[in-house]
Amino acid sequence: MKTVDTDLVGIKDDQLFGAKEFLGQLQGIQAFDVSTNTELAQAKKQRAVVAKVKPFIKKLHKQYLEEKEAEFKEHNPEFELIEALTNDLLADFDNEIKPYVASIKGQRLERIQPMIDEISGNYHLDPYPAPAEYANEEYWTQTNNPAKKLEKKIVDDVRIREFEQRKQAAAEASNQRKDKHLKDVIRGIVASIDREALYDGNDVIKMLIPLSEFIKDDQQ
């Protein structure tokens with residue numbers, strides 16, 4: 001199996017050293033026909049050797065870029081000053097803008113609450129506090145008024161709440177019916193018991209058969 005020596009190659013002063021020797025090693029490797037298990041094992045080992053060159057190339061590329069960037073900054077000191085000042089200015093603007101935007105969003109949520117109350121009432125639902133999402137720019141016009149998209153969003157959210165409420169009510173009603181039916185079955189079993197009779201195991205099992213439907217429900 002042929003190998004390659006990555007230690008041969010390096011970058012210094014914008015020059016690549018050892019490249020010809022390393023390239024010669026790579027050129028000495030050739031893929032070959034694989035038709036036996038032995039050849040498969042050999043091919044995998046040789047491929048693994050070549051595969052290790054990939055991260056090495058990436059490392060060289062990164063080293064070159066870092067050296068070029070360092071050289072660029074050394075010859076152009078204003079670049080770092082520009083970068084630093086840009087970041088500082090952006091941070092200064094954010095410190096002024098964000099508190100004001102936060103106050104605007106709070107006002108927006110207060111303004112939109114009556115619409116939420118009205119739409120919720122149209123669906124016979126209790127109103128809910130305006131979520132922070134409703135204050136996002138996408139739901140407001142350039143003149144800081146609620147957009148049609150916001151009204152549609154509220155209607156969609158209210159309809160989802162209505163659906164979830166109906167589903168919950170149906171589940172609760174179903175559970176209540178099951179509870180009542182279970183109580184009725186138990187009362188029926190108790191009423192059928194002869195307090196003076198003697199029962200063996202089979203008799204008890206037969207008496208409890210009506211309860212099996214509830215056991216099946218729990219297992220589903």
Side-chain angles (χ1 to χ4, degrees), residues 1-106 108-109 129-142 144 147-150 152-154 156-157 159-161 163-164 167 219-220:
M1 182 182 68
K2 296 182 179 181
T3 61
V4 292
D5 185 6
T6 56
D7 290 336
L8 289 173
V9 185
I11 297 176
K12 186 177 181 181
D13 297 331
D14 208 21
Q15 295 291 322
L16 186 64
F17 294 93
K20 290 183 179 179
E21 293 84 348
F22 187 77
L23 182 60
Q25 291 180 350
L26 273 180
Q27 291 172 336
I29 299 175
Q30 297 290 329
F32 50 85
D33 180 62
V34 176
S35 56
T36 67
N37 289 338
T38 299
E39 290 172 342
L40 174 62
Q42 292 173 345
K44 284 184 175 181
K45 289 181 180 180
Q46 192 65 78
R47 185 189 183 284
V49 170
V50 177
K52 290 181 179 180
V53 180
K54 291 279 287 184
F56 174 68
I57 294 174
K58 185 177 180 180
K59 178 182 176 182
L60 281 180
H61 185 66
K62 181 180 178 182
Q63 179 185 345
Y64 173 77
L65 292 177
E66 289 176 348
E67 290 184 1
K68 293 299 290 183
E69 182 179 7
E71 180 182 349
F72 173 78
K73 289 182 177 180
E74 181 180 353
H75 291 98
N76 301 277
E78 297 85 1
F79 178 78
E80 285 193 285
L81 294 175
I82 292 172
E83 185 177 24
L85 181 56
T86 300
N87 293 333
D88 289 343
L89 286 171
L90 288 174
D92 290 343
F93 276 110
D94 286 344
N95 290 336
E96 299 297 333
I97 292 172
K98 288 181 179 179
Y100 181 70
V101 170
S103 68
I104 290 177
K105 288 189 173 183
R108 286 176 176 178
L109 296 180
E133 179 187 6
Y134 289 0
N136 290 349
E137 296 301 323
E138 61 182 302
Y139 296 121
W140 293 80
T141 65
Q142 292 292 330
N144 199 35
K148 288 291 184 182
K149 184 177 180 180
L150 177 56
K152 182 180 182 302
K153 170 67 173 171
I154 294 173
D156 290 343
D157 287 350
R159 293 181 67 179
I160 290 173
R161 291 168 70 89
F163 172 76
E164 292 295 336
K167 185 169 69 172
Q219 292 176 342
Q220 291 178 349

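Just so you know, these numbers come straight off a predicted model, no measurement behind them. Count residues from 1 along the sequence.
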So, Arg161 and Asp157, do they make that salt bridge, N to O below 4.0 Å?
no
With a 3.5 Å distance limit and no angle check, can you tell me whether Asp5 reaches the backbone of Asp7 through a side-chain donor-acceptor pair?
yes
State, with a plain yes or no, whether a side-chain heavy atom of Lys105 is found less than 4.5 Å away from one of Leu109.
no
Atom OG1 of Thr6 and atom CD1 of Ile57: how far apart are they, to the nearest 0.5 Å?
11.0 Å
What are the two closest non-hydrogen atoms of Gly18 and Val9, and how far apart are they?
O-CG2, 3.7 Å
Does Lys73 NZ have over 12 foreign heavy atoms under 6.0 Å away?
yes
Which residue in the set Lys59, Glu67, His61 passes side-chain hydrogen bond (donor to acceptor under 3.5 Å, both in side chains) when paired with Gln63?
Glu67
Determine whether more than 12 heavy atoms belonging to other residues, nucleotides or ligands lie under 6.0 Å from atom CD of Gln142.
no
Does atom CZ of Phe163 have more than 12 heavy-atom neighbours, drawn from other residues, nucleotides or ligands, at distances under 6.0 Å?
no
Note, Gln25 side chain near Lys2 side chain (heavy atom, < 4.5 Å):
no
Flag the pair Val4 / Phe56 as yes when at least one side-chain heavy-atom distance between them is below 4.5 Å, and no otherwise.
no
Measuring only between side-chain heavy atoms, which start at C-beta, is Tyr64 closer than 4.5 Å to Leu16?
no
Working to the nearest 0.5 angstrom, can you tell me the gap between Leu85 CG and Glu78 CD?
13.0 Å
Tyr134 and Tyr139 aromatic ring geometry - parallel, tilted or perpendicular at 30°/60° bounds:
perpendicular
Are Lys62 and Leu65 packed together at the side-chain level, in the sense that at least one heavy-atom pair is separated by less than 4.5 angstrom?
no
Glu96 atom CD, over 12 foreign heavy atoms within 6.0 Å:
no
Taking atom CG of Asn87 as the centre, report whether more than 12 heavy atoms of other residues, nucleotides or ligands fall under 6.0 Å from it.
yes
Gln46 (side chain) donor-acceptor with Gln42 (main chain) under 3.5 angstrom
no
Atom pair CG (Asn144) and CD (Glu137), whose distance is rounded to the nearest 0.5 Å:
8.0 Å
Considering non-hydrogen atoms only, spot the tightest contact between Val34 and Ala43 and give its length.
CG2-CB, 3.7 Å
